[in-house]
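No hydrogens, no waters, no symmetry mates; every other heavy atom, side chains included, goes into these values. By convention here, the first residue in the shown sequence is residue 1.
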Amino acid sequence: QVQLVQSGGGLVQAGGSLRLSCAVSANIVSFKNMGWYRQAPGKQRELVAQITTDGATNYADSVKGRFTISRDNAKYTVYLQMNSLKPEDTAVYYCNADHLLWGQGTQVTVSA
C-alpha cells in the first residue's frame with residue numbers, strides 16, 4: 001500500500017518561512033498530479049498547489065508568489081516551500097497524490 005509521509009511544519013512568525021516535505025513509498029512518476037491542500041478550523045479543505053509529472057504547476061491565488069511546489073522524482077518526494085507566511089496561512093496541510101491518496105497532515109501555525 002502506497003504511503004505519503006509528511007514532515008516539516010510548525011510554528012513561525014508572520015513573514016517567516018517553512019518547508020513541507022512529502023515522502024512517497026512509491027515512484028512518484030506514477031502519479032500525474034501531486035499536490036498540497038490545507039484545511040483551517042471551520043473551513044473546507046482547499047487546494048494550495050499542484051505539480052504534474054512534467055513539472056507544470058498551479059497555485060491558489062492566495063499563495064501565488066509566496067509558495068513554491070517542487071518534486072524530486074529520484075527521492076520520491078514533493079516539497080512545498082512557503083515564504084512570507086501570513087496568519088491566514090495557519091492550517092493543517094495535507095499532501096495528495098492524484099486526488100486519491102493523502103498524507104497524515106501537518107500543522108502550520110503563523111503568529112502575528
Quiz: residues 86-97 side-chain donor-acceptor pairs under 3.5 angstrom, not counting sequence neighbours:
residue, atom, partner, partner atom, Å
Asp89, OD1, Arg38, NH1, 3.0
Asp89, OD1, Arg66, NH2, 3.0
Asp89, OD2, Arg66, NH1, 2.7
Asp89, OD2, Arg66, NH2, 3.4
Asp89, OD2, Lys86, N, 2.8
Thr90, OG1, Pro87, O, 2.9
Thr90, OG1, Val110, N, 2.9
Thr90, OG1, Val110, O, 3.4
Tyr93, OH, Arg38, NH1, 2.9
Tyr93, OH, Asp89, O, 2.6
Asn96, OD1, His99, N, 2.7
Asn96, ND2, Leu101, O, 3.2

Check whether any side-chain N or O of [X] sits under 3.5 Å from a backbone N or O of [Y] as a donor-acceptor pair, and report yes or no.
X	Y	result
Ser7	Leu20	no
Thr77	Lys75	yes
Asp72	Ala74	yes

Notebook entry, point to check: What residues, two or more places apart in sequence or in another chain, satisfy side-chain hydrogen bond (donor to acceptor under 3.5 Å, both in side chains) together with Thr52?
Noted result: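 By the side-chain hydrogen bond (donor to acceptor under 3.5 Å, both in side chains) rule, Thr52 matches Asp54.
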Note to self: If the condition is side-chain hydrogen bond (donor to acceptor under 3.5 Å, both in side chains), which residues does Gln107 pass it with, not counting sequence neighbours?
What the structure shows: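 Gln107 satisfies side-chain hydrogen bond (donor to acceptor under 3.5 Å, both in side chains) with Thr109 once adjacent residues are dropped.
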Check: Rounded to the nearest 0.5 Å, what separation is found between the CD atom of Gln1 and the OG atom of Ser25?
Finding: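 So the CD of Gln1 and the OG of Ser25 are separated by 8.5 Å.
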Check: To the nearest 0.5 Å, what is the distance between OG1 (Thr68) and CZ (Arg19)?
Finding: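 These two atoms lie 11.5 Å from each other.
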Check: Side chains of Gln6 and Thr106: is there a donor and an acceptor less than 3.5 Å apart?
Finding: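 Yes - a donor-acceptor pair under 3.5 Å links their side chains.
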Check: Quick one: disulfide bond (SG atoms under 2.5 Å apart) pairs with a partner in residues 32-87, sequence neighbours left out?
Finding: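 Sorted pair list comes back empty.
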Next item on the list: Could you list all the ring-ring contact (aromatic ring centres under 6.0 Å, His included) pairs where at least one residue sits in residues 53-78, not counting sequence neighbours?
Entry: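 Listed by first then second residue: nothing to list.
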Check: What pairs meet the ring-ring contact (aromatic ring centres under 6.0 Å, His included) rule with one or both residues in residues 33-57, with sequence neighbours excluded?
Finding: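 Sorted pair list: Tyr37-Trp102.
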Checklist line | In one Ile/Leu/Val/Met/Phe/Trp/Tyr side-chain cluster, 4.5 Å: Val29, Leu100 | finding: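 Looking at the clustering, Leu100 is in a separate group from Val29.
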For residues 78-85, please give each side-chain donor-acceptor pair under 3.5 Å, one per line with the distance, not counting sequence neighbours.
residue, atom, partner, partner atom, Å
Gln81, NE2, Asn83, OD1, 2.9
Asn83, OD1, Ser17, OG, 2.9

Margin query: To check you understand the geometry: which heavy-atom pair defines the closest contact between Ala26 and Val2, and what is its length?
Written below: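 Heavy atoms of Ala26 and Val2 come nearest at CB-CG2, 3.9 Å.
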Item checked: Closest non-hydrogen atom pair between Arg71 and Ile28, with its separation ->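 Looking at all heavy atoms of both residues, the shortest contact is NH2-O, 2.7 Å.
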Check: What residue pairs, at least two apart or across chains, pass salt bridge (charged side-chain N to carboxylate O under 4.0 Å, His left out) with a residue in residues 9-18?
Finding: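 Those involving residues 9-18 do not exist here.
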Checklist line | Pairs satisfying salt bridge (charged side-chain N to carboxylate O under 4.0 Å, His left out), at least one member in residues 2-16, at least two apart | finding: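 Those involving residues 2-16 do not exist here.
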Item checked: Results of salt bridge (charged side-chain N to carboxylate O under 4.0 Å, His left out) for Lys43 - residues two or more places apart only ->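 Testing Lys43 for salt bridge (charged side-chain N to carboxylate O under 4.0 Å, His left out), a comparison that skips the adjacent residues, returns none.
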Notebook entry, point to check: Crowded around Gln104 CD? As in, over 12 foreign heavy atoms under 6.0 Å?
Noted result: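 Yes, the 6.0 Å shell around CD holds more than 12 heavy atoms from other groups.
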When you compare the side chain of [Y] with that of [X], does any pair of heavy atoms fall below 4.5 Å?
X	Y	result
Asn58	Leu47	yes
Thr57	Gln50	no
Ile51	Asn33	no

Check: With ILVMFWY side chains joined below 4.5 Å, transitively, what does Val5's cluster contain besides itself?
Finding: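 Val5 shares its hydrophobic cluster with no other residue.
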